[in-house]
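Have a look at the structure below, then the notes.
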Amino acid sequence: MTATRILPVEYNIDEHFVETSSVPTKVIYLYLSLMAARPKYYFAWTLADAINNAAGFGFQGYDKNGEENWDLVSNLNIKQIEFSTSFKMFIDNWNIQTALWLKRVCYERATYSPTAQTFLLSAIWHGVYPGYYMTFFTGSLMTLAARNIRNNVRHHFLRSPELKFVYDVMTWMATQVAISYTVAPFVLLSVKPSLQFYSSWYYCLHFVCILVLLTMPARARKKRSTEKESIAPLLEKTNSEEPISEQNSHATTNNNSSQREETAWRRPSAPQ
């Protein structure tokens, strides 16, 4: 309640601030103002987690050390959000249950452009404010561009721990700026202030994303799709020639696996 009054998001589009502030000042204030807007969501979801866990809904069994897991219906991971080093990492730890639902009902079923379709459905799910659609359209571009950059650049920084640390610091800074730039219209809500904000930044990150998508190939994704295409005929042939007895044995194996998963919910017995 205090931080949002000290650092209002609307000040990012204040005429005097836009005209007189330097680029570093704009970047820092954008990051701080959007970070100050997050605790209200942290409070609501943490309280919801506590209520669900008090009712027993969050229990997910026991880990290998016999400790209880209570994150079945958790909706956020604050540490992972604030220290995200990729756009995907941020999304995976923010509004987790809704993200899982979107993945099941849209992303895994979409026949083309699953990322764009999922972001569109998310915008519709949130409501009718134009700022939501601007945020999720920008988020779709950011996600695709970040994926291409990671596939083409990250392996160059894995040669030593020092390079990996440099990569993590750079990607953390880039992710926080990209997230703040993306979600500003989500907070501003209306068309005019949202366009005013992006205009004050000259739509620079939109152009960067488009440039990345045009110049950097999604190499890993193409490789995986090629592998799937080459393996698919072999799998079809194997399945068509598979004896009925083997199919029955597979069904038995699946049943046994299900039983093992069920048993994992129980507390491991103490050592004799």
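These numbers come from a predicted model, not from an experiment.
- Here the two rings, on Y181 and Y198, have centers that are under 6.0 Å apart.
- Residues I13 and Q196 share a closest heavy-atom pair of O-NE2, 3.2 Å.
- In this structure, F197 and W201 have tilted ring planes: the angle between them lies in the 30° to 60° band.
- The aromatic ring centres of Y132 and Y129 sit less than 6.0 Å apart.
- No chain of hydrophobic side-chain contacts below 4.5 Å, direct or via other Ile, Leu, Val, Met, Phe, Trp or Tyr residues, connects L141 to V177.
- When every heavy atom of M89 is checked against every heavy atom of S84, the shortest pair comes out as SD-CA, 3.7 Å.
- Atom OH of Y42 sits in a crowded spot, with more than 12 heavy atoms from other residues, nucleotides or ligands closer than 6.0 Å.
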Result block: side-chain N/O donor-acceptor pairs under 3.5 angstrom for residues 28-37, not counting sequence neighbours:
unit_1: Y29; atom_1: OH; unit_2: P8; atom_2: O; d: 2.8
unit_1: S33; atom_1: OG; unit_2: N12; atom_2: ND2; d: 3.1
unit_1: S33; atom_1: OG; unit_2: Y29; atom_2: O; d: 3.0
unit_1: S33; atom_1: OG; unit_2: L30; atom_2: O; d: 3.0

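- Aromatic ring centroids of Y11 and H16 lie 6.0 Å or more apart.
- G61 and F59 make their closest contact through O-CE1, 3.4 Å (heavy atoms, listed as atom of the first residue, atom of the second, distance).
- Taken together through direct or relayed side-chain contacts under 4.5 Å among Ile, Leu, Val, Met, Phe, Trp and Tyr, I91 and L102 form parts of separate hydrophobic clusters.
- Taking every heavy atom of both residues into account, G58 and V73 meet most closely at CA-CG2, 3.9 Å.
- Here the straight-line distance linking atom OG of S199 with atom NZ of K192 works out to 11.5 Å at 0.5 Å rounding.
- With S21 contributing its side chain and F17 its backbone, the two residues share a donor-acceptor pair below 3.5 Å.
- Atom-to-atom distance recorded for S74:OG and Q60:CD is 8.5 Å, nearest 0.5 angstrom.
- If you take OH on Y107 and CZ on F119, they are separated by 10.0 Å, rounding to the nearest 0.5 Å.
- The CD1 atom of I51 lies 11.0 Å from the OG1 atom of T46; values are rounded to the nearest 0.5 Å.
- Note that CH2 of W94 and CD1 of I96 are 11.0 Å apart. Values are rounded to the nearest 0.5 Å.
- You'll find the side chain of Y202 stays beyond 4.5 Å of the side chain of F207, heavy atoms only.
- Heavy atoms of other residues, nucleotides or ligands lying less than 6.0 angstrom from CZ of F43 number 12 at most.
- Here R150 contributes atom CZ and M216 contributes atom CE; the two are 14.0 Å apart, rounded to the nearest 0.5 Å.
- For the pair L100/R104, a side-chain contact is recorded, criterion being any heavy-atom separation below 4.5 Å from C-beta on.
- Within 6.0 Å of NZ in K26 there are more than 12 heavy atoms belonging to other residues, nucleotides or ligands.
- Note: W45 and Y41 have tilted aromatic rings, judged against thresholds of 30 and 60 degrees for the angle between ring planes.
- Under a hydrophobic clustering in which Ile, Leu, Val, Met, Phe, Trp and Tyr are joined whenever their side-chain heavy atoms come within less than 4.5 Å, directly or via other members, Y203 and V23 fall into the same cluster.
- In this structure, K164 and R159 have side chains that are not in contact, with every pair of non-hydrogen atoms separated by 4.5 Å or more.
- The closest side-chain donor-acceptor pair between N95 and N75 falls under 3.5 angstrom.
- A donor-acceptor pair shorter than 3.5 Å can be found between the side chains of T25 and S22.
- Between T182 and M142, the shortest heavy-atom distance links the atoms OG1-CG, 3.5 Å.
- No more than 12 heavy atoms of other residues, nucleotides or ligands sit less than 6.0 Å from atom CZ of F57.
- Considering every non-hydrogen atom in both N152 and H155, the closest pair reads O-CE1, 3.2 Å.
- Judged purely by distance below 3.5 Å, without hydrogens or angles, the side chains of E162 and Y167 never pair a donor atom with an acceptor atom.
- Residue E108 places its CD atom among more than 12 non-hydrogen atoms of other residues, nucleotides or ligands, all under 6.0 Å distant.
- In summary, the aromatic rings of Y133 and H126 are positioned with their centroids too far apart to meet the 6.0 Å limit.
- Transitive grouping of hydrophobic side chains (ILVMFWY, heavy atoms separated by less than 4.5 Å) brings V187 and L195 into a common cluster.
- Side-chain atoms of R109 and P114, non-hydrogen and from C-beta on, never get closer than 4.5 Å to each other.
- With contacts defined as side-chain heavy-atom distances shorter than 4.5 Å, the pair T143/K88 does not qualify.
- The shortest side-chain heavy-atom distance between Y62 and E68 falls under the 4.5 Å cut-off.
- Two residues are said to be in side-chain contact when any heavy atoms from C-beta on lie closer than 4.5 Å; L76 and N93 fail this criterion.
- Q117 places a side-chain heavy atom less than 4.5 Å from the side chain of Y112.
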